[in-house]
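What follows is a short report on a single structure.
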Amino acid sequence: DAGITQSPRHKVTETGTPVTLRCHQTENHRYMYWYRQDPGHGLRLIHYSYGVKDTDKGEVSDGYSVSRSKTEDFLLTLESATSSQTSVYFCAISGTPPPQFFGPGTRLTVL
Amino acid sequence: AQRVTQPEKLLSVFKGAPVELKCNYSYSGSPELFWYVQYSRQRLQLLLRHISRESIKGFTADLNKGETSFHLKKPFAQEEDSAMYYCALGGTSGSRLTFGEGTQLTVNP
């Protein structure tokens, strides 16, 4: 497995609370991605980064923000969590060209 | 716009039977295609990429540009092949990939 970790691995939170998920890589890859995985929808891209402080929206970015202040860390923030954001979140990294390599995932439950 | 279609959400076969997981894509440029596998509650792992033309765990996939397909095949399925399989298409900005919705393969004893 590529050197990519996610924290926390599991989280239960309440509606309306802020949540931050962390993705950390040791591969010095330029690109980092956040996906959510839901039954019937497969993987959907939330946000991605193509360099430090360079980020862009994916297909399901509403309600999420990201930051990348260092090459190795990519943070995903849910400003005010909702039950519809209950999901499994995967981080991925890649150089150019692909493929992407995935982290172990974070299972988030919003009550 | 690029798109990946995996027409079967569920696929069930018996051990020792051949298996084919279908993937069709829509893309006007030169595609880069991948298969990923996800075992139960684990991370996605790269299984195959079309440019390498290699066989991993007995699986192969051939890019057919005329039919815009990249089907995954294995002649004799094993129980440990039971997993979710995703087809992914690259080729646009940076290293972004477009994923299909996945096919859940179950290999029965």
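Just so it is clear: chains get the letters A, B, ... in the order the sequence lines come, proteins before strands, and each one is counted from 1. For the numbers below, each heavy atom of this structure counts, side chains included, while hydrogens, waters and symmetry mates do not.
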Enumerate donor-acceptor pairs with a distance under 3.5 Å from any side-chain N or O in residues 60-70 of chain B to protein atoms, sequence neighbours excluded.
from	atom 1	to	atom 2	distance (Å)
Asn64(B)	OD1	Gly66(B)	N	3.1
Asn64(B)	OD1	Glu67(B)	N	2.9
Thr68(B)	OG1	Tyr25(B)	O	3.3

**chain B contact via Gln37(A) - side chain, backbone, both or neither, heavy atoms under 4.5 Å** = side chain

**Asked** chain A: which of Met84(B), Arg41(B), Gln104(B) shares the most heavy-atom pairs with it under 4.5 Å?
**Response** Arg41(B)

**Item:** Under 4.5 Å from any heavy atom of chain A - which part of Gln38(B)
**Value:** side chain

**Message:** According to a hydrophobic-cluster definition based on side-chain heavy atoms being under 4.5 Å apart (Ile, Leu, Val, Met, Phe, Trp, Tyr only), do Val52(A) and Met32(A) belong together?
**Reply:** no

**Request:** Could you list who else is in Ile51(B)'s hydrophobic cluster, with ILVMFWY side chains joined at under 4.5 Å, directly or through other members?
**Result:** none

**Message:** Any non-hydrogen side-chain atom of Leu44(B) less than 4.5 Å from a side-chain atom of Leu43(A)?
**Reply:** yes

**Asked** Can you check whether Tyr31(A) reaches Arg96(B) side chain to side chain, under 4.5 Å on heavy atoms?
**Response** no

**Complete:** In terms of heavy-atom contacts, Phe102(A) and Arg43(B) come closest through O-NH1, 2.9 Å

**Prompt:** Between Leu46(B) and chain A, which part of the residue has a heavy atom less than 4.5 Å away: side chain, backbone, both or neither?
**Reply:** side chain

**Request:** For atom CD of Gln78(B), decide whether the heavy atoms of other residues, nucleotides or ligands shown that lie under 6.0 angstrom number more than 12.
**Result:** yes

**Message:** Check for me, please, whether Val60(A) and Leu75(A) land in the same ILVMFWY cluster - side-chain distances under 4.5 Å, paths through other members count.
**Reply:** no

**Item:** Region of Arg30(A) that comes under 4.5 Å of a non-hydrogen atom in chain B
**Value:** neither

**Prompt:** Which answer fits Phe90(A), side chain, backbone, both or neither, if we ask what part of it has an atom under 4.5 Å from a heavy atom of chain B?
**Reply:** side chain

**Asked** Do Gln100(A) and Phe34(B) have side chains that get closer than 4.5 Å, going by heavy atoms?
**Response** no

**Fill in**
Among Gly42(A), Gly40(A), Pro99(A), Gly58(A), the residue with the most heavy-atom pairs under 4.5 Å to chain B is Pro99(A)

**Asked** In terms of hydrophobic clusters joined by side-chain contacts under 4.5 Å, are Leu105(B) and Tyr39(B) together?
**Response** yes

